[in-house]
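Below you'll find the structure, written out as structure tokens, and then a few comments.
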Amino acid sequence: MRSPRSSELREALRGFSGELRENVSLSSATHLRLGGPAERFVEPQTDEDLVAVYRVCRDLDVPVRVLGGGSNLLIADRGVSGMVISTRALNRVDIHRNRISAGPGVTLPSLLRHARERGLAGLEPLVGIPAMVGGAVAMNAGTRDGETFDRLASVTVVEPSGEVRVLARQECRPGYRDGGLGERVVLEVTFDLQEDSPAAIHARFLRSLERRNATQPVTEKSIGCVFRNPPGRSAGQLIDAAGCKGMSHGAMTVSDVHANFFINQGGGKSADFLSLVDDVRSRVQVHAGVELQPEFRMWGF
Ligand code: EPU
């Protein structure tokens with residue numbers, strides 16, 4: 001693959017918003033606080049500029065990765081080559097009647113606050129998930145109470161070809177913790193909600209949050225659930241039963257609160273996280289005969 005000189009890329013991106021930077025640390029952009037730098041990094045300020053940057057990278061054969069909230073992401077210690085495009089600045093929210101549209105950089109807590117204030121119900125299952133809208137759709141983030149696609153009406157995406165398309169819900173094939181969008185980049189999402197009183201919505205938020213706070217290590221540096229739940233089983237329960245709670249590799253520890261959460265106690269390495277994942281996986285395999293599948297995305301491995 002051709003690696004364009006910085007000056008060539010810089011020239012091609014001239015005039016677009018969001019300064020092109022090199023060797024940019026990514027660890028603080030992930031919830032685990034792990035991982036090395038991005039070779040190139042840009043944070044477009046408009047949808048049009050995101051699309052333009054995406055197309056330029058495509059034309060110059062620069063691999064592109066899109067960074068959202070970094071909550072379900074493990075980045076290699078040595079970092080990632082190519083371009084990382086942050087969607088953080090694309091955070092507008094529009095509400096028309098019972099429909100709410102959000103850019104990929106809107107955080108779920110902010111989306112839920114807008115919905116509650118406008119008396120729009122339906123997003124309650126997503127309360128407490130520390131994601132941005134783009135990542136939540138890409139991963140079909142959810143809980144036992146529901147998933148991101150449950151209320152999704154349409155999603156605007158950039159196709160790998162660079163073309164922008166609006167996909168209706170019926171055109172999407174989301175699965176468990178997978179939005180089924182492949183390489184497409186989320187540009188905007190519209191949710192279809194129903195009216196209810198803000199007080200009733202708030203009460204449901206609080207109930208879910210209380211449950212979550214009691215069963216998950218929500219204030220720690222983690223990646224959320226490490227493994228998918230195997231059909232009809234709970235990964236947390238399987239890891240717990242295999243005696244893995246409290247196990248550690250370097251600064252990475254299996255949470256005592258919920259065994260499917262691995263915590264960075266500080267100063268950890270991505271390599272330690274992965275070796276803990278492998279160790280836990282093989283112990284569960286031996287103990288229960290179940291092969292757990294990781295739920296998070298990996299960059300640079
Ligand atoms: N359990 C244990 N030990 C543990 C953890 C759990 O025995 O260390 C038991 C619990 O007692 C319970 C069962 O396992 O009987 C299930 O646990 P929990 O209710 O906490 O739910 P979960 O299946 O572990 C799922 C989602 C979470 C979501 C919660 C709440 C997955 C992989 N996990 O967890 O999603 O927040 O339900 O709705 O689907 C995520 O995907 O990142 C995530 C955190």
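Counting starts at 1 for both ligands and their atoms, following the listed order. The structure presented is a predicted model; accordingly, all values stated were derived computationally and were not measured.
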Practice item. Please assess R65 against E183 for the test salt bridge (charged side-chain N to carboxylate O under 4.0 Å, His left out), listing each intermediate value before the final yes or no. Key: CA-CA 9 Å; R65 294 182 172 88; E183 297 297 304; over 6 Å; no
Exercise for review: Assess whether salt bridge (charged side-chain N to carboxylate O under 4.0 Å, His left out) is satisfied between R118 and D196, documenting all intermediate values.
Suggested key: CA-CA 9 Å; R118 290 292 286 260; D196 198 353; over 6 Å; no
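Ligand 1 lies within reach of R177, whose nearest heavy atom is under 4.0 Å from it.
In terms of protein heavy-atom proximity, atom 9 (C) of ligand 1 is nearest to Q237 CB, 3.8 Å. In this structure, atom 18 (P) of ligand 1 lies nearest to the protein heavy atom H258 NE2, 4.0 Å.
Considering G236, A259, S255, S234 only, the shortest heavy-atom separation from atom 16 (C) of ligand 1 involves S234. With R212, Q216, K245 as candidates, the residue nearest to atom 28 (C) of ligand 1 on a non-hydrogen basis is Q216. Of the options R211, R144, M139, the smallest heavy-atom separation from atom 19 (O) of ligand 1 is shown by R144.
An N or O contact shorter than 3.5 Å is missing between T215 and ligand 1 by distance. Checked by distance only, ligand 1 and R228 stay at 3.5 Å or farther apart across all their nitrogen or oxygen atoms.
Under the 3.5 Å distance criterion, with hydrogens and angles disregarded, no donor-acceptor pair is assigned to the side chains of D94 and S101. Neither side chain, E39 nor S81, offers a donor N or O lying under 3.5 Å from an acceptor on the other.
Remark: atom 37 (O) of ligand 1 lies closer than 4.0 Å to at least one protein heavy atom. Counting only heavy atoms, the protein never gets under 4.0 Å from atom 11 (O) of ligand 1.
With ligand atoms numbered from 1 in the order given, ligand 1 contributes 44 (C) to contacts under 4.0 Å with heavy atoms of F261. Listed by atom number, the atoms of ligand 1 under 4.0 Å from Y176 heavy atoms are 31 (C), 32 (C), 39 (O). Listed by number with element, the atoms of ligand 1 under 4.0 angstrom from any heavy atom of F227 are 32 (C). In summary, the atoms of ligand 1 found under 4.0 Å from a heavy atom of C225, numbered by their order in the structure, are 27 (C), 32 (C), 33 (N), 35 (O), 40 (C), 41 (O), 42 (O), 43 (C), 44 (C).
Here the CG-CZ distance, from N264 to R33, works out to 9.5 Å after rounding to the nearest 0.5 Å. A distance of 6.0 Å separates CZ of F191 from CG of L123, quoted to the nearest 0.5 Å. From R88, atom CZ reaches atom CG of L67 across 7.5 Å, with rounding to the nearest 0.5 Å.
Counting heavy atoms closer than 4.0 Å to ligand 1, residue D240 contributes side-chain atoms (C-beta onward) but none from N, CA, C or O.
Here the side chain of D77 pairs no donor or acceptor atom with the backbone of K269 at under 3.5 angstrom.
In this structure, the ring of F261 has its center no less than 6.0 angstrom from the ring center of F227.
Taking a cutoff of 4.0 Å between a charged side-chain nitrogen and a carboxylate oxygen, R283 and D279 qualify as a salt bridge.
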